[in-house]
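The structure under discussion appears below in the form of structure tokens.
Numbers here are sequence positions counted from 1.
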Amino acid sequence: MPAWSTNPSTLPYTGVKLVTTHPSNSDLNLPGVHASYVLFNSVTGQTLASIDGTELTLRRTASVSAVASLYLSKPMSQILLMVGAGALAPHLIKAHLTARPSINHVIIWNRNPLKVKHLVDELRIESGTESGMERVRFEDCENIEYAVAMADIVSCATCSETPLVYGKWLKAGAHLDLVGSYKPTMRECDDEAVRRGRVFVDNEAAVVEAGELVGAFERGVMTKEEIEGDLVELIKGDKSGRKDDKEITVFVSVGSAVVDLLSAQLAYESFHNRTRN
């Protein structure tokens, strides 16, 4: 996943991420995605940094969902459901808590109850040391239908190829955050969830990569033209985010080499600023 600046005088970076994906790694208690990132000076070609691309991907993915939540979830959201308990789950939970400090209840569901219990225990321990988390209740859940019906925000990070979240379960005003699907055969929600919601994407690649959208287009549930907009359009104000407390919003994120580059820039420059001080 390469990316570079077209204006090296203001952004003198080129970056490349090498990624492997092994969904079955969950059985080994390992992340399904491993990556390495190399940052270059785009003017001289010199190597500037070698960065843990796995950690970079986890953090930037969660941060993108948090930014989208600022525009799409209800400002006073209180209940977050995390569907999935893999490497991305704790990052997404903390990102959503940062975006919506009103959240005071986090429910976690996963096919493997032991993974959920382990994550809940970790978060409960961290909640005693991290500011902003001490007031949050963390809970495991075996009944996903019940949890979806309660949640103001539903965040999904799985490698599922069959729907886990059904649109008929979503309550009025819910925000659905989908980040696990990165190929057309994957689906974290059904067609009804897409049909009921105003759908936004992180970038244009989502309409050809995310299984929830590709399948919806093929089945005539919606057209590409019915996608409301992307994250940049939300941030710039070209598109309107949440309009009221009743509508359902959906955010589909597949990742972007541009965001990888910007994240690597932030990591590199932050490191150098700390060492200078």
Side-chain angles (χ1 to χ4, degrees), residues 1-21 29-71 80 82 86-103 106 118-119 121-136 138 155 157 177 179 202-203 231-232 234-236 253-277:
M1 295 178 67
W4 58 92
S5 169
T6 55
N7 191 349
S9 62
T10 57
L11 184 64
Y13 300 111
T14 294
V16 180
K17 186 171 75 173
L18 304 177
V19 186
T20 62
T21 58
N29 200 30
L30 291 172
V33 175
H34 289 277
S36 295
Y37 198 92
V38 182
L39 187 68
F40 301 92
N41 183 304
S42 58
V43 177
T44 66
Q46 292 173 293
T47 302
L48 300 175
S50 179
I51 300 171
D52 183 339
T54 307
E55 191 68 19
L56 184 80
T57 301
L58 294 173
R59 290 173 181 257
R60 68 90 156 132
T61 302
S63 296
V64 166
S65 285
V67 173
S69 182
L70 288 173
Y71 294 90
L80 166 68
M82 182 69 239
L88 187 51
H91 292 277
L92 279 165
I93 290 169
K94 293 174 186 178
H96 280 293
L97 288 173
T98 300
R100 293 295 184 221
S102 54
I103 295 172
V106 175
H118 179 69
L119 178 55
D121 289 344
E122 280 190 346
L123 291 168
R124 284 173 177 168
I125 292 171
E126 289 184 34
S127 67
T129 59
E130 292 196 18
S131 176
M133 288 177 61
E134 69 280 352
R135 55 181 174 67
V136 181
F138 297 98
S155 184
D177 174 42
V179 304
D202 62 336
N203 67 84
L231 188 57
V232 172
L234 281 172
I235 294 170
K236 293 172 66 176
S253 174
V254 296
S256 155
V258 172
V259 178
D260 285 330
L261 179 61
L262 295 173
S263 301
Q265 174 195 0
L266 177 62
Y268 175 72
E269 293 181 355
S270 296
F271 172 79
H272 274 279
N273 288 337
R274 287 198 302 272
T275 55
R276 290 193 191 102
N277 297 331

Atom pair NE2/OG1 of His34 and Thr20 - distance to nearest 0.5 Å: 6.0 Å
Value rounded to 0.5 Å, distance of CD1 in Ile235 from CG in Leu231: 4.0 Å
Counterpart residues, side chain to side chain donor-acceptor pair (under 3.5 Å), relative to Ser50 (two or more places apart): none
Residue pairs involving residues 37-56 (criterion salt bridge (charged side-chain N to carboxylate O under 4.0 Å, His left out); sequence neighbours excluded): Glu55-Arg59
Side-chain donor or acceptor of Thr54 paired with backbone N/O of Ala35 under 3.5 Å: yes
All side-chain contact (heavy atoms from CB on, under 4.5 Å) counterparts of Ser9, not counting sequence neighbours: Asn7
Any side-chain heavy-atom pair of Tyr13 and Leu261 under 4.5 Å: yes
Ser256 side chain to Asn203 side chain, donor-acceptor N/O pair below 3.5 angstrom: no
For Thr98, side-chain contact (heavy atoms from CB on, under 4.5 Å) partners two or more places apart: none
Residue pair Ser69 / Arg100, side-chain heavy-atom distance below 4.5 Å: yes
Residue list, side chain to side chain donor-acceptor pair (under 3.5 Å) with Tyr71, at least two apart or on another chain: none
Counterpart residues, side chain to side chain donor-acceptor pair (under 3.5 Å), relative to Asp202 (two or more places apart): Ser253
Donor-acceptor pair, side chain of Thr275 and main chain of His272, under 3.5 angstrom: yes
Criterion side-chain contact (heavy atoms from CB on, under 4.5 Å) on His96 and Asp177, from CA distance to verdict: CA-CA 10 Å; His96 280 293; Asp177 174 42; 3.1 Å; yes
Heavy-atom check, side chain of Lys94 versus side chain of Glu126, under 4.5 Å: yes
Side chain to side chain, Ile93 and Phe138, heavy atoms closer than 4.5 Å: yes
Side-chain donor or acceptor of Ser127 paired with backbone N/O of Glu134 under 3.5 Å: no
Sub-4.5 Å side-chain heavy-atom contact between Leu80 and Ser155: yes
Sequence-distant partners of Ser263, side chain to side chain donor-acceptor pair (under 3.5 Å), two or more places apart: none
Heavy-atom check, side chain of Met133 versus side chain of Leu97, under 4.5 Å: yes
Residues Val16, Met1; criterion side-chain contact (heavy atoms from CB on, under 4.5 Å); working and verdict: CA-CA 6 Å; Val16 180; Met1 295 178 67; over 6 Å; no
Those residues that, when tested against Ser36, pass side-chain contact (heavy atoms from CB on, under 4.5 Å) (two or more places apart): none
Side chain proximity check, Gln265 to Leu39, heavy atoms < 4.5 angstrom: no
Any Phe40 side-chain heavy atom under 4.5 Å of Leu48 side chain: no
Pairs where residues 257-267 contributes a residue and the test salt bridge (charged side-chain N to carboxylate O under 4.0 Å, His left out) is met, not counting sequence neighbours: Lys17-Asp260, Arg60-Asp260
Spacing of CG belonging to Leu234 relative to CG belonging to Leu70, to within rounding of 0.5 Å: 10.5 Å
Test side-chain contact (heavy atoms from CB on, under 4.5 Å) applied to Ser63 - qualifying residues, sequence neighbours left out: none
Qualifying salt bridge (charged side-chain N to carboxylate O under 4.0 Å, His left out) pairs, either residue in residues 3-13, two or more places apart: none
Nearest-0.5 Å distance, CD1 of residue Ile51 to OH of residue Tyr37: 7.5 Å
